[in-house]
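No hydrogens, no waters, no symmetry mates; every other heavy atom, side chains included, goes into these values. Quick note on labels: first sequence line is chain A, next is B, and so on, each numbered from 1. Just so it is clear, the structure is predicted and the values come from calculations on it, not from any experiment.
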Amino acid sequence: MAGGTGSSEKYFRIWETIMKIPHGKVATYGQIARLAGLGNHARMVGYALHASPPGINIPWHRVINSQGKISLSKEDGRYDLQRSLLEDEGVEFIRERINLKKYRWDK
DNA sequence: CCCGTGACGCCAC
DNA sequence: AGTGGCGCCACGG
């Protein structure tokens with residue numbers, strides 16, 4: 001294959017990395033970007049998630065920002081959804097923040 | 001082809 | 001701890 005340079009491949013790589021996040025753990029955008037081989041381009045991860053096709057089975061809710069908070073706006077309905085999904089996995093929220101020292105995917 | 005926008009991160013104040 | 005600004009890359013108009 002001559003240079004598999006397809007942005008789709010990048011996205012796939014990101015999704016694949018996110019799928020590896022263990023149950024009850026979370027990962028930051030920067031962390032995913034790094035593990036996916038994209039360097040520190042965290043924005044790409046967020047964009048890839050936004051561009052993720054509906055129906056794809058990826059634990060998008062386990063991806064949060066470096067502050068340990070949900071990057072979505074509280075106005076967005078997905079904010080509460082993400083929080084609920086995480087709490088359902090045993091991830092504890094303190095105010096609107098997650099203790100990364102405790103729940104960050106150790107990888 | 002130029003410009004604005006974004007599910008981010010880091011640094012300065 | 002909160003706010004503002006810059007960088008970085010991809011995509012739609």
Next on the checklist: Looking at every non-hydrogen atom in both residues, tell me the closest pair between A:T28 and A:V63 and how far apart they are.
Outcome noted: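 Heavy-atom minimum between the residues: C-CG1, 4.4 Å.
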How many Å lie between [atom1] on [X] and [atom2] on [N], as a whole number?
X     : N      : atom1 : atom2 : value
A:E9  : C:dA10 : CD    : C1'   : 16 Å
A:H50 : C:dG12 : NE2   : P     : 10 Å
A:L38 : C:dC9  : CG    : P     : 11 Å
A:Y11 : B:dG6  : OH    : C1'   : 11 Å

Next on the checklist: Run the side-chain hydrogen bond (donor to acceptor under 3.5 Å, both in side chains) test against A:S71 and tell me which residues pass, sequence neighbours left out.
Outcome noted: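 A:S71 satisfies side-chain hydrogen bond (donor to acceptor under 3.5 Å, both in side chains) with A:N65 only.
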Checklist entry - Under a 3.5 Å cut-off on both pairing distances, which runs of 3 or more consecutive Watson-Crick or G-U pairs involve DNA chain C? => result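 When the pairs of DNA chain C are grouped into runs of at least three, the stems are B:2-6 with C:9-13, B:8-13 with C:2-7.
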Checklist entry - Is there side-chain contact between A:F93 and A:I98, with at least one heavy-atom pair below 4.5 Å? => result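 Contact flag for A:F93/A:I98 side chains = yes.
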Checklist entry - If we only count heavy atoms from C-beta on, is the A:D88 to A:L85 side-chain gap below 4.5 Å? => result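 They are not in contact (no side-chain heavy atoms under 4.5 Å apart), so the answer is no.
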Quick one: [atom1] on [X] to [atom2] on [Y], what's the gap to the nearest 0.5 Å?
X     : Y     : atom1 : atom2 : value
A:W60 : A:H50 : CH2   : NE2   : 12.5 Å
A:L81 : A:L72 : CG    : CG    : 9.5 Å
A:Y29 : A:I14 : OH    : CD1   : 11.5 Å

Do any pairs count as a salt bridge (Lys or Arg N to Asp or Glu O under 4.0 Å) and have a residue in [range], sequence neighbours left out, and if so which ones?
range                      : result
residues 71-82 of chain A  : A:D76-A:R78
residues 49-65 of chain A  : A:R62-A:E89
residues 90-107 of chain A : A:R83-A:E96

Checklist entry - Does anything in residues 14-26 of chain A reach DNA chain B, meaning a heavy atom under 4.0 Å, and if so which residues? => result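 Result for residues 14-26 of chain A: none.
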Checklist entry - In residues 78-107 of chain A, which ones come under 4.0 Å of DNA chain B, going by heavy atoms? => result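 Here the set is empty: none.
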In residues 32-48 of chain A, what donor-acceptor pairs under 3.5 Å come from side-chain atoms, sequence neighbours left out?
none

Next on the checklist: Heavy atoms only, 4.0 Å cut-off, all strands: where does A:H41 land among base, sugar-phosphate and nothing?
Outcome noted: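 Answer is sugar-phosphate: A:H41 comes under 4.0 Å of backbone atoms only.
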Checklist entry - Are A:I56 and A:L49 in one and the same hydrophobic cluster, where Ile, Leu, Val, Met, Phe, Trp and Tyr link if side-chain heavy atoms are under 4.5 Å apart? => result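 Result: yes, single cluster for both.
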What pairs of nitrogen or oxygen atoms, one from the protein and one from nucleotides 9-13 of chain B, lie under 3.5 Å apart?
unit_1: B:dG9; atom_1: OP1; unit_2: A:G30; atom_2: N; d: 3.2
unit_1: B:dG9; atom_1: OP1; unit_2: A:S66; atom_2: N; d: 3.4
unit_1: B:dG9; atom_1: OP2; unit_2: A:S66; atom_2: N; d: 2.9

Checklist entry - Using 30° and 60° as the class limits, which term best fits the ring planes of A:W15 and A:Y11: parallel, tilted or perpendicular? => result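 Rings of A:W15 and A:Y11: tilted, 30 to 60°.
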Item to check | Closest nucleotide among B:dA7, C:dC9, C:dC11 to the A:Y47 side chain | outcome: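 The listed nucleotide nearest to A:Y47's side chain is C:dC11.
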